[in-house]
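This one's a predicted model, so the numbers in the text were calculated from it and none came from an experiment. Excluded from the calculations below are hydrogen atoms, water molecules and symmetry mates; all remaining heavy atoms, backbone and side chain alike, are included.
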Amino acid sequence: MFTITVLAAPGRADLGTALVEELRLIWGGGHAIWLNHGIAAEFPVAVRPANFWQVWENLQAKGFDLAIQPTQGRRKAVLLADMDSTMIRQECIDELADFAGVGERVADITARAMNGELNFHEALIARVALLAGLDESAIGAVLDDRITLAPGGRELVATMRAQGAYTALVSGGFTVFTGPVAAALGFDEHRANTLLADQGVLTGHVGLPVLGREAKIEALQDITAARGLTPADAIAVGDGANDLGMLQLAGTGVALHAKPVVAAQVDLRINHGDLTALLYLQGYGVEEFVS
């Protein structure tokens, strides 16, 4: 048995009964359940529709997300989340680079790395080197003035924790950012790279080993194993190439507003909704949300 989930962007909330019923009838689905009127609905189907991706493309053009996944075991006991451009709207290293006067150079490397065009480890080393000489006070300024939380993040973390799930922020960024962001969102733990400084000035180096794609996979394995679980018991979310391994290994891997190279390799893609989509995908109704 599979579950089809249809989602509208919360800001539009324009998912109508007619569309949900049309899909349900075409695919011979069971009774539709509204998880949040105007935003999210789901219904069961016995088999995966052969034309699923064709319909997915049509709905994408209209501003709706569509997902299909096995019904059994949808609610997960662990959440692993990327930070930059996932739980927050920005890329922290790009914002720091602005202070250092190398914003365009770093942003270009970031974009290429997230698209999978560059080795993440080498790209991070190159970007951090360009920050050499930057005063550490820039970190606080970026946190205060430039970093904004992505919509739905607080609800996602709080709701899953209320249901007994363990939540971890696992980033290829830096602990000076994951610490405050994890605290603001209520994550149980955070893992990231360490920016090295000397006498209040960034040295242009990062602590080794670099936390990249493989480290995110290891984090997923370690965190689930420590709780007597497996990666199948986890839901993971990210947007960049360094998230791919984690997304593909998790029981539910969600590409959220992801780079094309990432979305092409992940079946659950949210391009219009926000982070609350991860709750709807697990079958949570809005009345179960914790804010």
Side-chain angles (χ1 to χ4, degrees), residues 2-17 19-20 30-44 59 63-83 85-89 147-170 178 180-190 223 227 229 233-239 247 250-258 268-291:
F2 296 87
T3 295
I4 301 282
T5 309
V6 194
L7 300 160
R12 287 176 30 174
D14 58 347
L15 179 61
T17 302
L19 173 58
V20 175
H31 176 70
I33 298 173
W34 281 91
L35 303 171
N36 192 353
H37 283 280
I39 296 176
E42 67 176 34
F43 58 85
L59 289 185
F64 299 105
D65 288 314
L66 183 68
I68 183 170
Q69 56 185 319
T71 300
Q72 187 173 0
R74 279 192 298 154
R75 290 206 175 184
K76 301 303 183 182
V78 172
L79 166 68
L80 255 73
D82 172 49
M83 181 179 69
S85 298
T86 300
M87 298 306 299
I88 62 174
R89 293 177 180 269
I147 300 304
T148 55
L149 302 178
R154 282 198 174 98
E155 291 85 350
L156 170 62
V157 176
T159 301
M160 290 194 65
R161 290 191 68 189
Q163 294 295 323
Y166 188 83
T167 60
L169 187 65
V170 183
T178 57
V181 170
L185 290 170
F187 278 94
D188 290 297
E189 74 165 270
H190 66 99
I223 289 170
R227 282 151 192 84
L229 304 169
D233 297 306
I235 184 170
V237 60
D239 72 302
L247 298 182
T252 300
V254 182
L256 182 77
H257 304 285
L268 291 177
R269 311 168 191 173
I270 300 299
N271 293 321
H272 301 289
D274 63 17
L275 285 160
T276 58
L278 273 73
L279 293 174
Y280 298 129
L281 289 173
Q282 295 179 79
Y284 285 99
V286 67
E287 69 280 356
E288 298 178 89
F289 286 14
V290 178
S291 58

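In this structure, Arg161 forms no cation-pi arrangement with Tyr166, as its terminal cationic atom is not both closer than 6.0 Å to the ring centre and no more than 45° off the ring axis.
Within the model, atoms CG of Leu66 and CD1 of Ile4 stand 6.0 Å from one another, a figure rounded to the nearest 0.5 Å. Atom-to-atom distance recorded for Asn36:CG and Leu15:CG is 9.5 Å, nearest 0.5 angstrom. One distance of note links CG of Leu59 with CG of Asn271; it measures 12.0 Å at 0.5 Å rounding. Here CG of Leu268 is found 11.5 Å from CG of Leu256. Values are rounded to the nearest 0.5 Å. Remark: Leu279 CG to Leu281 CG distance equals 9.0 Å, nearest 0.5 Å. Between Met87 atom CE and Asp239 atom CG the span is 12.0 Å, to the nearest 0.5 Å.
Heavy atoms only, all atoms of each residue included: Trp34 and Ala40 are closest at CE3-O, 3.5 Å. Minimum interatomic distance between Leu275 and Thr86 (heavy atoms only, all atoms of both residues): CD1-O, 3.6 Å. Taking both residues in full, the closest heavy atoms of Thr276 and Glu155 are given as CG2-CB, 4.2 Å, listed atom of the first, atom of the second, then distance. Heavy atoms only, all atoms of each residue included: Ala182 and His190 are closest at CB-CB, 3.8 Å. In terms of heavy-atom proximity, Ile88 sits nearest to Leu149 at CG2-CD2, 4.1 Å. For the pair Thr167 and Phe187, the tightest heavy-atom approach, listed with the atom from each and the gap, is OG1-CA, 3.4 Å.
Within the 4.5 Å cutoff, side-chain heavy atoms of Ile235 are placed close to those of Leu278. Looking at Leu80 and Ile223, their side chains come closer than 4.5 Å, going by heavy atoms from C-beta outward. Between Leu79 and Val157 the shortest side-chain heavy-atom distance falls below 4.5 Å. Within the 4.5 Å cutoff, the side chain of His31 has no heavy atoms near those of the Pro44 side chain. No side-chain heavy atom of Met160 sits under 4.5 Å from any side-chain heavy atom of Arg75.
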* Between Val181 and Leu169, is a side-chain contact (heavy atoms from CB on, under 4.5 Å) present by the stated rule, with each step listed? -> CA-CA 9 Å; Val181 170; Leu169 187 65; 4.0 Å; yes
* Stepwise side-chain contact (heavy atoms from CB on, under 4.5 Å) check, Thr252 with Lys76 -> CA-CA 8 Å; Thr252 300; Lys76 301 303 183 182; 3.1 Å; yes
* To do: Check the pair Val78 / Asp233 against side-chain contact (heavy atoms from CB on, under 4.5 Å), numbers first and verdict last.
  => CA-CA 6 Å; Val78 172; Asp233 297 306; 5.6 Å; no
* **Pair His257-His272, side-chain contact (heavy atoms from CB on, under 4.5 Å): steps then yes or no** => CA-CA 7 Å; His257 304 285; His272 301 289; 5.6 Å; no
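At distances below 3.5 Å, at least one donor-acceptor pair connects side-chain atoms of Thr71 with backbone N or O atoms of Thr3. Checked by atom type and distance alone, the side chain of Gln163 never pairs as donor or acceptor with a backbone atom of Thr159 at under 3.5 Å. Asp65 contributes a side-chain N or O that, together with a main-chain N or O of Gly273, makes up a donor-acceptor pair within less than 3.5 Å.
Remark: aromatic rings of Tyr280 and Phe289 are close, center separation under 6.0 Å.
For Arg74, the salt bridge (Lys or Arg N to Asp or Glu O under 4.0 Å) partners at least two apart in sequence or on another chain are Glu42. With sequence neighbours left out, Arg12 forms a salt bridge (Lys or Arg N to Asp or Glu O under 4.0 Å) with Asp14.
Residue Gln72 places its CD atom among 12 or fewer non-hydrogen atoms of other residues, nucleotides or ligands, all under 6.0 Å distant.
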